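To start, the structure under review is shown below, and the notes come after it.
Any value given below was found using the heavy atoms of this structure, including those in side chains, with hydrogens, waters and symmetry copies removed. No experiment lies behind these values; they were computed from the predicted model shown.
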Amino acid sequence: MKKIIFSIVFLTLGWATSKAQTFNLGVKAGVNLAKLNADFASEENRLGYQIGAWARIGGASFYVQPEAYIGSKGNKFISITQDNGNEIAAEGKVKFTTLDVPVLLGTKFGAKNLNFRLMAGPVISFILDENSSFSSAYQQATDFDNYKNQALGLQAGAGVDVGNISVDLRYEAGLSNISKSEKYSQKPNLFQLSLGFKIL
């Protein structure tokens with residue numbers, strides 16, 4: 001599935017580049033409100049950050065926007081469901097530092113110095129660092145705190161450009177299980193608010 005998604009994205013990127021009327025390059029920074037959706041535990045959102053760069057390639061209304069940014073995301077578990085079905089209070093924390101690479105397809109409308117955008121596309125996250133701690137109640141969950149080194153997701157959102165300033169609000173839904181456990185599923189999901197500046 002990953003190969004199919006990225007083949008389509010890179011073919012689209014190649015087509016957009018060949019037809020491009022504009023090319024922009026910028027930097028961005030922002031905050032994430034993230035959690036790991038788990039089928040065996042209750043969780044809370046955690047606040048994180050992102051900082052990186054973006055490019056925008058396209059014509060009058062359609063564009064492709066690849067990005068690369070370093071970010072932090074994680075989760076706080078507050079309970080776990082045991083094998084017998086009972087839910088007990090138990091704390092667990094995990095924090096990831098990731099390199100995120102989304103490739104977004106979008107449309108924009110409005111004036112040159114004030115336009116609105118809609119965008120969506122896949123994102124792959126590479127885990128650069130992981131820090132976790134779990135209470136003993138989680139020991140029954142096989143490989144619960146053992147995570148893969150990458151995850152695939154889908155981003156969708158909206159943005160506005162005012163001159164060289166851009167503001168984006170997006171939601172990212174995890175498509176792949178980031179846990180190595182064959183029994184338990186954990187999928188990262190987050191809201192993302194960022195401020196960008198066009199330098200080219």
Side-chain angles (χ1 to χ4, degrees), residues 1-17 19-20 22-39 43-75 96 98-110 114-127 148 150-162 165-178 185-198:
M1 181 177 177
K2 290 181 183 179
K3 290 182 179 179
I4 293 173
I5 290 173
F6 282 98
S7 294
I8 293 171
V9 167
F10 286 115
L11 285 172
T12 305
L13 183 59
W15 175 84
T17 302
K19 302 291 184 180
T22 61
F23 174 81
N24 299 122
L25 187 66
V27 293
K28 61 179 287 186
V31 293
N32 302 324
L33 192 60
K35 70 176 180 178
L36 294 174
N37 284 349
D39 54 5
E43 64 280 321
E44 289 182 348
N45 291 313
R46 303 292 286 177
L47 191 65
Y49 70 88
Q50 54 169 288
I51 183 167
W54 54 268
R56 192 176 297 156
I57 307 156
S61 59
F62 172 80
Y63 67 90
V64 179
Q65 183 165 313
E67 299 182 352
Y69 52 85
I70 300 294
S72 73
K73 59 189 77 169
N75 195 65
F96 302 111
T98 62
L99 170 63
D100 297 303
V101 184
V103 179
L104 306 172
L105 309 180
T107 184
K108 58 184 178 179
F109 50 92
L114 175 61
N115 63 74
F116 300 89
R117 293 175 286 106
L118 298 173
M119 78 289 287
V123 55
I124 187 165
S125 298
F126 300 96
I127 309 267
K148 299 174 183 176
Q150 66 183 42
L152 185 66
L154 181 66
Q155 288 188 0
V160 60
D161 298 324
V162 182
I165 304 296
S166 62
V167 179
D168 281 15
L169 177 63
R170 300 179 198 164
Y171 176 70
E172 181 180 319
L175 298 178
S176 60
N177 181 12
I178 197 172
S185 175
Q186 299 180 60
K187 293 184 178 180
N189 293 269
L190 59 90
F191 286 95
Q192 183 185 95
L193 179 65
S194 65
L195 179 67
F197 182 76
K198 183 171 66 177

task: Kindly write out the residues that satisfy salt bridge (charged side-chain N to carboxylate O under 4.0 Å, His left out) with Lys28, not counting sequence neighbours, or none if the list is empty.
output: Glu67
- prompt: Can you name the residues that form a side chain to side chain contact (heavy atoms under 4.5 Å, CB included) with Ser185, not counting sequence neighbours?
  reply: Asp39, Asn177, Lys187
- prompt: Counting N and O atoms only, with roles assigned by atom type, does the side chain of Ser61 sit under 3.5 Å from a partner on the main chain of Thr107, one being a donor and the other an acceptor?
  reply: no
- line: Those residues at least two apart in sequence (or on a different chain) that pass ring-ring contact (aromatic ring centres under 6.0 Å, His included) with Phe191 are Tyr171
query: Does CD1 in Ile51 sit with more than 12 non-hydrogen atoms of other residues, nucleotides or ligands closer than 6.0 Å?
result: no
Side-chain donor/acceptor of Thr22 to backbone N/O of Gly58, under 3.5 Å: yes
statement: By salt bridge (charged side-chain N to carboxylate O under 4.0 Å, His left out), Lys35 pairs with (sequence neighbours left out) Glu43
task: May I have all residue pairs that pass salt bridge (Lys or Arg N to Asp or Glu O under 4.0 Å) and include part of residues 45-58, sequence neighbours excluded?
output: Arg56-Asp161
field: With sequence neighbours excluded, residues passing side-chain hydrogen bond (donor to acceptor under 3.5 Å, both in side chains) with Thr98
entry: Asp100
field: By side chain to side chain contact (heavy atoms under 4.5 Å, CB included) - contacts of Ala55 (at least two apart)
entry: Phe23, Leu25, Pro66
message: Run the side chain to side chain contact (heavy atoms under 4.5 Å, CB included) test against Ile70 and tell me which residues pass, sequence neighbours left out.
response: Tyr49, Thr97, Leu99, Leu128
- request: Please list, chain by chain and in numerical order, all residues satisfying side chain to side chain contact (heavy atoms under 4.5 Å, CB included) with Val160, sequence neighbours excluded.
  value: Leu114, Phe116, Val162, Val167
Pairwise distance CE(Met119) to NZ(Lys108) - rounded to 0.5 angstrom: 11.0 Å
